[in-house]
2 protein chains.
Amino acid sequence: MVQDSIRILQAQGHKATRPRKLVLEILEEMDRPLSPYDIQGVLRQRGKYLNHVTIYRVLDILCSLNLAHKMLSSGGFVRCSLDMAEGCHRFMVCQHCGAIREFADKELCQGENEFARNFGFHAEHHHSELAGLCSRCYRK
Amino acid sequence: MVQDSIRILQAQGHKATRPRKLVLEILEEMDRPLSPYDIQGVLRQRGKYLNHVTIYRVLDILCSLNLAHKMLSSGGFVRCSLDMAEGCHRFMVCQHCGAIREFADKELCQGENEFARNFGFHAEHHHSELAGLCSRCYRK
DNA sequence: GAGCTAAATGCAACAATATTGCATTAGCTC
DNA sequence: GAGCTAATGCAATATTGTTGCATTTAGCTC
C-alpha cells in the first residue's frame, strides 16, 4: 500500500524519498488521525528522526494527491483508504476511540449539490465528518 | 438577533456580559469565518479591547449552544444562521470570496446515517462543508 | 558506478494559534 | 446597594504552522 502511494507520487514527478516513505508507513500503520508532531513522536520512539517542517511538506503533497486527508475536526491526518473518490470525502469519526472510517457516495454528493444549486452555489468538493460511536465502542 | 442569542445564553445560566455581546455583534455583522484574533482585530479597530483568551472562551460557549460554529476548513467561527438543526451542520464555502451559507437537511443526514449503520457506526452529529463558488463569484 | 542537477531536506528563526492558573472585576439576586 | 459567584484580564507557556537558506540526495546521463 505504501508502495502504491509511492508509485503515484513518482508518476506525478515527485521523488521517492525516505521521509515520504516513513510518513506513509506511519499513517498506514496507525490508522487514526495523527498530527505532524504525533508522527514525529512515533518516529522518534523508533530512533528515527524527521524535521517537523519536512513532515508538513510531505503531508501537503499527500493531501494534494488525495493520498492522505486532513481531518478537520481534529487537525490530524489519515491516509486515504479509498481508491478514487475525487471531491467526495466522508468520514465516520468515533468520539470514543478516535477511529476513522472513510467512505464516499455519489448520491449523497448529488443531494448536497442539488441543495446548493438552489442557492446558486456550485459545489466542487465535499468534506463531511460524522461524529458518533463505532460498532465496538457502541456496544459498551 | 444578538438579543436572541443573549436570551438563550441566559436561559442556560450564563451571564449577559460585555465580551459576549461584542463577539456576537461582530460575528453577526461580518458574516464570514473569523478567527478569535480576527475578532480581536476588528474590535481593536473600533477602539474596543478584549483579551484573546476571553474571546476563545466566549466562542466555546457559543459553539456548545450551537449559536456559532467552527468552520473546520478555515478554523474560523461563524454565527449559526439556523434556528434549530441539532446535529446537522452543512456549509457552502465559497473558495473565492470566503462567504458562508449554512443549511441543514434531514434527508441528507438520514442518507449518511444509513451509510454509517452499514458499518455499524452510530452517527450523532453531521458536519459537512462544500467547497465551491457562490452565485456571485461563479458568474465571473 | 561517477558526476550532474533539480528537488527535497534540515535548520534556525519566527509567526500564529491555543491553553492554564490565578488575581481582579462585574453580572445577577436579594 | 451589598454579597456571591461567574466571568474577565493577565502573564506565562504550549502547540501548531511558516519562511528563507544552506546542505544533501534521488534519479538521470554517460
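In what follows, chains carry the letters A, B, and so on, assigned in the order in which the sequence lines appear, proteins first and then strands, with residues in each chain numbered from 1.
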With a 3.5 Å cut-off and heavy atoms only, can you find an N or O donor on one side and an acceptor on the other between the side chain of B:Arg57 and the base of D:dG9?
yes
For nucleotides 1-5 of chain C, print each protein N/O atom paired with a nucleotide N/O atom at under 3.5 Å, atom names and distance only.
none

Near-ring test B:Phe91/B:His69, centroid separation under 6.0 angstrom:
yes
Has the side chain of B:Tyr37 got a donor or acceptor atom sitting under 3.5 Å from an opposite partner on the base of C:dA15?
no
Whole angstrom is fine here: how far is it from CG in B:Leu9 over to P in C:dG27?
14 Å
Select base, sugar-phosphate, or nothing to describe what A:His14 touches, counting heavy atoms under 4.0 Å on all strands.
sugar-phosphate
Please state whether the phosphate of C:dG27, meaning OP1 or OP2, lies under 4.0 angstrom from any side-chain nitrogen or oxygen of B:Gln10.
no
Hey, is B:Asp60 close enough to B:Arg57 for a salt bridge, meaning N to O under 4.0 Å?
no
Looking at every strand, decide which applies to B:Gln40 at a 4.0 Å heavy-atom threshold: base, sugar-phosphate, or nothing.
nothing
With a 4.0 Å limit, can you tell me whether B:Thr17 has a side-chain N or O closer than that to the phosphate oxygens OP1/OP2 of D:dA7?
no
Which nucleotide, D:dG9, C:dT19, D:dG27, lies nearest any side-chain atom of B:Asn51?
D:dG9
Can you tell me if A:Tyr49 touches the phosphate of C:dC11, counting only side-chain N or O atoms and a distance under 4.0 Å to OP1 or OP2?
yes
Base of D:dT15, side chain of A:His52 - is there a donor-acceptor contact under 3.5 Å?
no
Kindly say if B:Lys21 contacts the phosphate of C:dA26, meaning a side-chain N or O under 4.0 Å from OP1 or OP2.
no
Whole-Å distance, B:Arg20 CZ to D:dG9 P, equals 11 Å
